[in-house]
Amino acid sequence: MKRIQLTKKQWLGNGIVLLCVVLVIGTVWALTKRPSKHWSAQSAHQTIVVGVDDTYVPMGFRNAHGQLVGFDVDLARAAFKQMGLKPKFQVIDWSMKETELRTGHIDVIWNGYTMTAERKRAVLFSKPYHEDKLVLLTMKRGSVKQIKDMAHKRLGVQTGSSSLQMYNDRPTVLKHTVKKPVVQYDSYDKALNDLQVGRLDAVLISRDYAHYYVKQEARPTDFRIVETAFPKEQYGVGMRKTDRRLQAKLNQALEQVAANGEANRIAKKYFGHSNVQ
Amino acid sequence: MDYLLQILPSLLEGLKMTIGIFGLTLLGALPLGVLVAMGLRSDIQLLRWLMNLYISVMRGTPLLLQIVFVYYGLSMANIATLPRFEAALVTFILNYAAYFAEIFRGGLQAIPKGQYAGAKVLGLTRWQTMRYVILPQVVKVVMPSVGNEVINLVKDSSLVYVIGIGDLMRAGNIAAARDVSLVPYLLVGLLYLMLTVLVTAGMRHIETRLNYYR
């Protein structure tokens, strides 16, 4: 074995590097020990950061001019106006929403956020502001006219969505009929493409989304909507567990926009019918 | 055609962000890569070992994971809360510097030992040897490999979607989801292609300019 002979210069160099490493590790360690700051500054700054996914039509998306619009975006603007707060919309990746909330990068999640038992454990919910039902979207030329026609058919759903969770949690409604594994998509436009070219037989989707997507298609009459027996889904605004005061004020504001007809007006604009609460 | 013109402004807005990340990353990663490559060949064992560790980590984990870690991980561990764009930039620079460093190390190793000896005999200092003898040759050797990485960077920049930065790819996603159509993706692909063709032409130009001995 070769013995390592260090020159004076090398000793010095190694020493400096070691010192730097120790300093960096020490600083990082000290930083993690420092008390974390809390995010109760909404009322002080008069602004609130709303996390939205701007690819999520028709709840939050960008119109042809690049402006952020959608049912949730318009409703959030109306509600925070009641509260005297200025909403600042922050675009996030949907899979990271709870992390964004916990790290304080956003103050609320407001983007077609379905209230589920699992999510209730992680975040604080406002009262539900919108209700929807899951339906099957199929093609008229296909053979699916009711749930029991779905035996051994190919079904598409959105990854990480509450509809997928519902599908798995209540297997008697649809899963036991389909029997095959579902195909997961990161957004509904891709699932609809596959439905049209025949790679899928049906897509499990909320009724309001289905209406929006069908309206965008060149021949909307080619599609059929099949009712399901899944229970209704409720949409709520997600907040940090500690923001109880914000929750109380937001619930009040949501009641106000529902009472003065604002919520209905926005719902008509995006869903074509008044808001169901 | 009307439709293309209608979505083009939002895509160009995204393209600006993509070019911004691309340019600033190159600006930071190239010099840092040179420094790390020198560290790799240093006489100081601890420094060499540290640089090797850095390169192993950066090349051995997915870039997407690194972005998530720098942006969410650091703020969750209460170390530093970086703004979105800066977090993406720091990660890209650290990641690409590791790849560049390995390319530069290869370039440095391609220079025969005799040249160092020759320069010493001529009475050049270490710095002069580096500046006038070694580096001009290294630059020529590494240019094609650097070009490869630069083009990779153009396309890797789309990974910033995970922290919600609106780059070209996201602009395409938005238009595709809104209009339920694949046309926006076609246009996005075309824009990426144009960008890489431009970068390739630029790299070729630099290579011919450097080719002054042939």
Side-chain angles (χ1 to χ4, degrees), chain A residues 4 6-7 9-18 20-21 27-37 51-58 61-66 70 90-96 99-100 102-106 186-190 192-193 196 212-218, chain B residues 2-3 5-14 39 42-51 53-54 64 67-69 71-84 87 159-167 169-185:
Chain A
I4 304 167
L6 293 181
T7 64
K9 241 184 178 168
Q10 282 177 318
W11 274 112
L12 189 69
N14 279 331
I16 292 172
V17 173
L18 193 66
C20 288
V21 172
T27 319
V28 167
W29 185 78
L31 282 174
T32 54
K33 292 286 162 218
R34 126 194 103 141
S36 68
K37 55 176 187 287
V52 293
D53 177 356
D54 56 0
T55 64
Y56 207 54
V57 281
F61 62 105
R62 281 177 202 280
N63 63 17
H65 308 292
Q90 174 58 58
V91 176
I92 57 167
D93 186 63
W94 194 241
S95 59
M96 287 291 165
T99 312
E100 293 265 8
R102 206 167 338 134
T103 52
H105 288 105
I106 59 174
D186 65 341
S187 63
Y188 278 122
D189 58 311
K190 297 186 183 84
L192 253 67
N193 269 321
Q196 277 173 296
Y212 177 88
Y213 281 106
V214 169
K215 218 168 63 190
Q216 299 294 311
E217 291 295 340
Chain B
D2 275 350
Y3 178 63
L5 285 178
Q6 196 198 338
I7 57 171
L8 198 59
S10 61
L11 293 188
L12 288 180
E13 201 59 38
S42 150
D43 290 336
I44 304 163
Q45 293 90 343
L46 210 55
L47 187 63
R48 266 202 319 259
W49 182 80
L50 206 67
M51 291 297 142
L53 181 74
Y54 158 72
L64 188 69
I67 299 175
V68 169
F69 180 80
Y71 185 67
Y72 300 110
L74 289 190
S75 55
M76 224 186 290
N78 205 13
I79 296 168
T81 303
L82 293 168
R84 269 156 226 272
L159 290 177
V160 295
Y161 81 84
V162 77
I163 52 177
I165 292 177
D167 74 325
M169 193 64 212
R170 192 183 192 95
N173 274 338
I174 294 167
R178 181 189 59 219
D179 305 327
V180 200
S181 141
L182 287 178
V183 180
Y185 288 137

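Excluded from the calculations below are hydrogen atoms, water molecules and symmetry mates; all remaining heavy atoms, backbone and side chain alike, are included. The sequence lines fix the lettering, A, B, ..., with proteins before strands; numbering per chain opens at 1. Model, not experiment: these values are computed from the prediction.
Of the atoms belonging to A:L18, heavy atoms from both backbone and side chain fall under 4.5 Å from chain B. Proximity to chain B (any heavy atom under 4.5 Å) is restricted, for A:K190, to the side chain, taken from C-beta onward. Contacts between A:N63 and chain B at a heavy-atom distance below 4.5 Å involve the backbone alone (N, CA, C, O). Only the side chain of B:L50 comes within contact range of chain A, with heavy atoms under 4.5 Å apart. Contact of B:Y185 with chain A is made through the side chain alone, with heavy-atom distances under 4.5 Å. Contacts of A:D54 with chain B are made by both backbone and side-chain atoms, with heavy-atom separations under 4.5 Å.
Of all heavy-atom pairs between A:T55 and B:A177, the closest is O-CB, 3.5 Å.
Checking side-chain atoms of A:Y212 against main-chain N and O of B:R178 turns up a donor-acceptor pair under 3.5 Å. The backbone N or O of A:A64 lies less than 3.5 Å from no partner atom in the side chain of B:Q6, so there is not a single donor-acceptor pair.
When the shell of 6.0 Å around OH of B:Y54 is examined, it contains more than 12 heavy atoms from other residues, nucleotides or ligands.
Most heavy-atom pairs under 4.5 Å with chain A: of the set B:I165, B:I7, B:V180, this distinction falls to B:V180. Counting heavy-atom pairs closer than 4.5 Å to chain B, the top residue among A:N14, A:V91, A:L12 is A:N14. Comparing A:R62, A:Q216, A:E217, A:H65 by heavy-atom pairs within less than 4.5 Å of chain B, the highest count is held by A:R62.
Contact of the B:Y71 side chain with the A:H105 side chain is registered, since non-hydrogen atoms from C-beta on lie closer than 4.5 Å. You'll find the side chain of B:R84 reaches within 4.5 Å of the side chain of A:I92, heavy atoms only. Under the 4.5 Å side-chain criterion, counting only non-hydrogen atoms from C-beta, A:D93 is not in contact with B:I163. Inter-residue side-chain proximity for B:Q45 and A:V17 is flagged as unmet; no heavy-atom pair is nearer than 4.5 Å.
Rounding to the nearest 0.5 Å gives a distance of 15.0 Å between CZ of A:F61 and CG of B:N173. Atom-to-atom distance recorded for A:W11:CH2 and B:I44:CD1 is 13.0 Å, nearest 0.5 angstrom. Put simply, CG on A:D189 and CD1 on B:I174 are 12.0 Å apart, with the number rounded to the nearest 0.5 Å.
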